[in-house]
Colleague: 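I'd like to ask you about the structure that follows.
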Amino acid sequence: MVTGLDELKEIKIEDYSYELPEGRIAKFPLADRESSKLLMYDCGKITEGEFRDVRGVLQAGQTLIFNNTKVIHARLFFQKETGAHIEVFCLEPFQPADYARNFSATGSCEWSCMVGNLKKWREGTISCFFDEQGEKRTLQALKVEAKPGGEVLVRFSWDGDLSFSEVLEHCGKIPIPPYLNRESEESDKIRYQTVYSKEEGSVAAPTAGLHFTQAILADLRKKGVAIEELTLHVGAGTFRPVKAEKIGGHDMHTEHIVISKELIACLRDKSDDIVAVGTTSVRTLESLYWMGVKRLEGCQDFGYVSQWECYTLPDRYTLREAMEALLCWFEETKEEQLKVATTIIILPGYHYRVVDVLFTNFHQPQSTLLLLVAAAIGDDWKKVYDYALAHDFRFLSYGDSSLLRIRNKK
């Protein structure tokens, strides 16, 4: 067990707050991804530079791990025959449930959605019209049933031989974060994606990766920095505020993960200098350790890590042992990918088992992402954020970056 679970649940979210002036929130990205500022933290010492400096900061032998998820055009705008406007926000595929199969579906599919102006949509279909190579097309939506948590199951249908992925490209808008307080623009289609994004499914970008360019990646490879990928589809829950006074009253959202056999083998053979790009990569990598532990403990449902599970499972196993257990699954099933899910919450008191260094942007006060940072560097998170505020760093999704060496590693 990592630490006392009851004690962890008593953490007060107000203790992880700071004053963030509205003017420090980056509403738009910089023109050049590499020119964002970079704060570097290592054992209490803080330095700063530009993001392009990572060419000199990262060294041969380190392994850089990215989340290659791609943000979908998840916001869809419909109109009823009465003229009422309805916004449908696609959250998670339902039928087909697999992301890849759903995006390649033609004719129809179903999604779990959030619906704006739902009271105006009691029954019937609503429509969205678009042009595709000079042909007029129609996307229709039918409300199937209400789901727990305010979500709605929606069946989409459309004419033509387009895939649902192509339909979203024509009809949808990029779902930029709500705290930007603006509508998405044409430039967001490019800038709210990482340069290495390819696996469709997220409704929010893994923003720590927005600073990387193809030129930086090429230079790092030449230097001998290994680069690996994973996929975690970021859900809308990433923006969900912590409303409970104590963290034990907050329910984490589930996020879906796809992992290759090659990545598991890399983690088995590489016990240190794992550099995770973004909190989504951190949550994935740490979850993989606990999935391996669950297999070692004989758990049949090893492919899901619940919110508090990592604080009750035994932590006596090495990373190599945990990854060996997952590799055995690949050998047994002959599968090339492991599709799993996690609701893990990483709090102060958690001991990191996989990640040594973290790239991340500057997060909102009283957020689970800030708690994850505090778990990595302890109370020095206050020192880091005070420095960033005092030295004109830009905050949140389109803001500047930090490179943090984790202190609380077991």
Colleague: Please report the interatomic distance CZ(Phe77) to CG(Asn117), rounded to the nearest 0.5 Å.
Modeller: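 If we round to the nearest 0.5 Å, Phe77:CZ and Asn117:CG are 12.0 Å apart.
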Colleague: Quick test of your reading of the model: are Lys243 and Asp251 salt-bridged, counting only N-O distances below 4.0 Å?
Modeller: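 No, no charged N to carboxylate O under 4.0 Å.
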Colleague: Does a sphere of radius 6.0 Å around NZ in Lys120 hold more than 12 heavy atoms from other residues, nucleotides or ligands, not counting ones at 6.0 Å or beyond?
Modeller: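 Counting neighbours around NZ of Lys120, 12 or fewer heavy atoms of other residues, nucleotides or ligands fall under 6.0 Å, so no.
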Colleague: Give a yes-or-no answer on whether the side chains of Glu309 and Tyr304 include a donor-acceptor pair shorter than 3.5 Å.
Modeller: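 Not at all, the side chains of Glu309 and Tyr304 share no donor-acceptor pair under 3.5 Å.
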Colleague: What distance separates Leu58 CG from Ile216 CD1, expressed to the nearest 0.5 Å?
Modeller: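 It is 9.5 Å, given to the nearest 0.5 Å.
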Colleague: Check whether any side-chain heavy atom of Phe359 lies under 4.5 Å from a side-chain heavy atom of Ser401, and answer yes or no.
Modeller: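 Of all side-chain heavy-atom pairs linking Ser401 with Phe359, at least one is under 4.5 Å.
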Colleague: Not counting sequence neighbours, which residues clear side-chain contact (heavy atoms from CB on, under 4.5 Å) with Ser367? List them please.
Modeller: His363, Gln364, Leu369, Leu370
Colleague: With heavy-atom distances below 4.5 Å as the criterion, would you say the side chains of Arg320 and Arg268 are in contact?
Modeller: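 Yes, at least one pair of side-chain atoms sits under 4.5 Å.
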Colleague: In Å and rounded to the nearest 0.5 Å, what is the CD to CZ distance from Glu145 to Phe94?
Modeller: 6.5 Å
Colleague: Between Tyr311 and Trp308, what is the ring plane arrangement, given parallel below 30°, perpendicular above 60°, and tilted in between?
Modeller: tilted
Colleague: Find out whether Ile247 and Tyr16 are in side-chain contact, i.e. whether some heavy atom of one side chain is under 4.5 Å from a heavy atom of the other.
Modeller: no
Colleague: Specify whether Phe212 and Tyr196 have parallel, tilted or perpendicular ring planes, treating 30° as the upper limit for parallel and 60° as the lower limit for perpendicular.
Modeller: perpendicular
Colleague: Any luck finding a side-chain donor-acceptor pair between Thr231 and Asn68 under 3.5 Å?
Modeller: yes
Colleague: Does NZ or CZ of Arg24 come closer than 6.0 Å to the centre of the six-membered ring of Phe395, within 45° of the ring's axis?
Modeller: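 Cation-pi check for Arg24 and Phe395: fails.
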Colleague: State, with a plain yes or no, whether a side-chain heavy atom of Thr342 is found less than 4.5 Å away from one of Val340.
Modeller: no
Colleague: How are the rings of His233 and Tyr99 set relative to one another: parallel (under 30°), tilted (30 to 60°) or perpendicular (over 60°)?
Modeller: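 Geometry flag for Tyr99 against His233: tilted rings.
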Colleague: Between Glu255 and Thr280, is any side-chain donor less than 3.5 angstrom from a side-chain acceptor?
Modeller: no
Colleague: Measure the CG-OG1 distance between Leu296 and Thr318 for me, rounded to the nearest 0.5 Å.
Modeller: 8.5 Å
Colleague: Quick one: does Ile344's side chain get under 4.5 Å of Trp290's, heavy atoms only?
Modeller: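 Yes, their side chains come closer than 4.5 Å.
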Colleague: Do Arg55 and Glu34 sit within salt-bridge range, that is, some charged N less than 4.0 Å from a carboxylate O?
Modeller: yes
Colleague: Under 4.5 Å between any side-chain heavy atoms of Val234 and Asn67, yes or no?
Modeller: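 Sidechains of Asn67 and Val234: in contact.
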Colleague: Take the angle between the ring planes of Trp111 and Phe103 and call it parallel below 30°, perpendicular above 60°, tilted in between.
Modeller: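 Judged by the thresholds at 30° and 60°, the geometry between Trp111 and Phe103 is tilted.
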Colleague: With distance as the sole criterion, is a donor-acceptor pair present between the side chains of Ser397 and Tyr179 under 3.5 Å?
Modeller: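 Their side chains do contain a donor-acceptor pair, which is all the 3.5 Å distance test asks for.
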Colleague: So that I can tick it off, tell me whether Lys27 and Glu22 are bridged by a salt bridge, with the cut-off set at under 4.0 angstrom between side-chain N and carboxylate O.
Modeller: yes
Colleague: May I ask you to check if Arg182 and Phe28 form a cation-pi contact, with NZ or CZ under 6.0 angstrom from the six-membered ring centre and within 45° of the axis?
Modeller: yes
Colleague: Is it the case that atom CG in Asp161 sees more than 12 heavy atoms from other parts of the structure closer than 6.0 Å?
Modeller: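 No, the 6.0 Å shell around CG holds no more than 12 heavy atoms from other groups.
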Colleague: Just how far is it from atom CD of Glu166 to atom CD of Glu132, taken to the nearest 0.5 Å?
Modeller: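 Interatomic distance, Glu166 CD to Glu132 CD, rounded to 0.5 Å: 7.5 Å.
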Colleague: Could you check whether any side-chain heavy atom of Tyr192 comes within less than 4.5 Å of a side-chain heavy atom of Thr207, counting everything from C-beta outward?
Modeller: yes
